[in-house]
Amino acid sequence: MSVKAAVAALRNGDLIHLPTETVYGLAARADDPAAVVKVFEAKGRPRFNPLIVHIGSVEAADIIGVMDDRARALARAFWPGPLTLVVPVRDTAAACDLARAGLDSVALRLPAHTLALEVLRGFGGGVVAPSANRSGRPSPTTQADAFEETGTAVTVSLDGGACPVGVESTVVSLLGAARYLRAGAVTRAQIEAVIGHLAADEAEGHRSPGRLSLHYAPDAPVRIDVEVPTEGAAYLAFGPTAYAGPVIQLSATRDPAEAAANLFRALREADRLKPPCIAIAPIPENGIGEAINDRIRRAAGFIG
Ligand code: TXA
Ligand code: MG
């Protein structure tokens with residue numbers, strides 16, 4: 001299906017599958033509550049969890065939110081790319097109340113994916129796009145996985161290939177002191193190199209609202225930091241292993257970026273084996289490892 005059809009569907013208030021460099025999004029125009037409500041319904045997502053508004057240019061971001069010097073510097077460094085900026089909202093019609101869950105801030109993201117950019121530039125305005133999974137499930141990183149999750153809700157499902165990053169965008173709040181709300185491919189250190197120190201505070205009140213519930217969970221129970229799996233477990237390995245049961249490699253060469261790209265697909269593949277449990281190898285916490293460990297701790301129910 002074509003970009004033209006996707007833009008027409010958005011204009012019409014319908015949902016589409018939007019491929020991005022991180023994960024597939026379930027997208028709708030951000031200025032129309034009747035369109036945005038369909039996203040919450042299709043995902044079974046609680047309405048208090050605000051959505052990211054995707055734009056195709058910094059100019060479009062400027063219309064919707066207040067981009068201060070820090071936001072501009074981060075946009076110059078990382079847009080298009082897997083970074084979402086939470087800033088004060090400027091135009092509450094362009095990103096409707098439902099999209100923002102009534103907050104006076106808005107999360108803005110300019111994705112680095114050719115198809116996504118063509119759709120966003122063709123449409124012109126802001127587009128909400130949470131991951132295209134049903135709420136609580138692993139995010140889809142291929143069109144087939146997106147279709148399995150929310151295929152019945154969309155008018156157009158674009159195929160942009162496998163997502164190269166594989167975990168959702170980094171979220172940084174610029175409301176007051178800068179805060180790292182969600183780990184992603186753009187690391188803390190990379191953000192600090194541009195705007196200086198990030199507030200360390202991870203207190204509940206400062207977290208992204210969407211971070212408070214069980215996420216990314218397959219059907220089988222998940223165990224993490226497993227060096228030697230118990231018999232029968234499906235094992236998500238990170239490098240060579242002597243385990244004789246079913247092994248799915250996150251990265252045979254222990255490359256964290258490759259492990260991130262494979263993570264959600266590997267969880268789905270493991271689940272299809274209907275194992276008594278899914279065991280995941282320890283992943284080093286540095287770089288994108290922070291994002292991987294955040295997602296697998298949530299899948300295991302350790303952050304809830
Ligand atoms: O990589 C991504 O960001 C993907 C792709 C499809 O672009 N999208 C995505 O969207 O992950 P979503 O809606 O699943 O994640 C939105 C995150 C949640 O953690 C939410 O709480 C947070 O951003 N968020 C949105 N608006 C916010 C706001 N005004 N203040 C604080 N956090 C906000
Ligand atoms: Mg999600």
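As the structure lists them, so they are numbered: ligands from 1, and atoms in each ligand from 1. This chain uses plain numbering: 1 for the first residue, then up along the sequence. All values below were derived from every heavy atom in this structure, side-chain atoms included, with hydrogens, water molecules and symmetry-related copies excluded.
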inquiry  = Consider side chain to side chain contact (heavy atoms under 4.5 Å, CB included). Of I52, V23, T20, which one does S169 pass it with?
reply    =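 Only match with S169 under side chain to side chain contact (heavy atoms under 4.5 Å, CB included): I52.
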
request  = Could you establish whether S131 and ligand 1 come within less than 4.0 Å of each other, counting only heavy atoms on the residue side?
outcome  =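 It does; at least one heavy atom falls under 4.0 Å.
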
For ligand 1, the portion of [X] having any non-hydrogen atom under 4.0 Å away:
X	result
H17	neither
R109	side chain
N49	side chain

message = Please tell me whether T84 and R182 have a donor and an acceptor in their side chains that are separated by less than 3.5 angstrom.
response =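 Absent: no donor and acceptor within the cut-off.
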
query = Given E149 and N133, is the side-chain hydrogen bond (donor to acceptor under 3.5 Å, both in side chains) satisfied, shown in steps?
reply = CA-CA 5 Å; E149 288 286 330; N133 53 285; 5.4 Å; no

inquiry  = Tell me if the CZ atom of R223 is crowded by more than 12 foreign heavy atoms within 6.0 Å.
reply    =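 Not more than 12 within 6.0 Å, no.
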
ask   = Does the side-chain hydrogen bond (donor to acceptor under 3.5 Å, both in side chains) test come out yes or no for S131 and E168, once each step is laid out?
value = CA-CA 8 Å; S131 48; E168 301 79 357; 4.6 Å; no

ask   = Does S131 bring an N, O or S atom to within less than 2.8 Å of the Mg ion (ligand 2)?
value =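 Short answer: yes, at least one N, O or S atom is under the cut-off.
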
query = Do I64 and R90 have side chains that get closer than 4.5 Å, going by heavy atoms?
reply =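 Side chain of I64 against side chain of R90, heavy atoms only: no contact under 4.5 Å found.
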
Taking distance alone, with no angle check, do [X] and ligand 1 share an N/O pair under 3.5 Å?
X	answer
A129	yes
T84	no
T22	yes

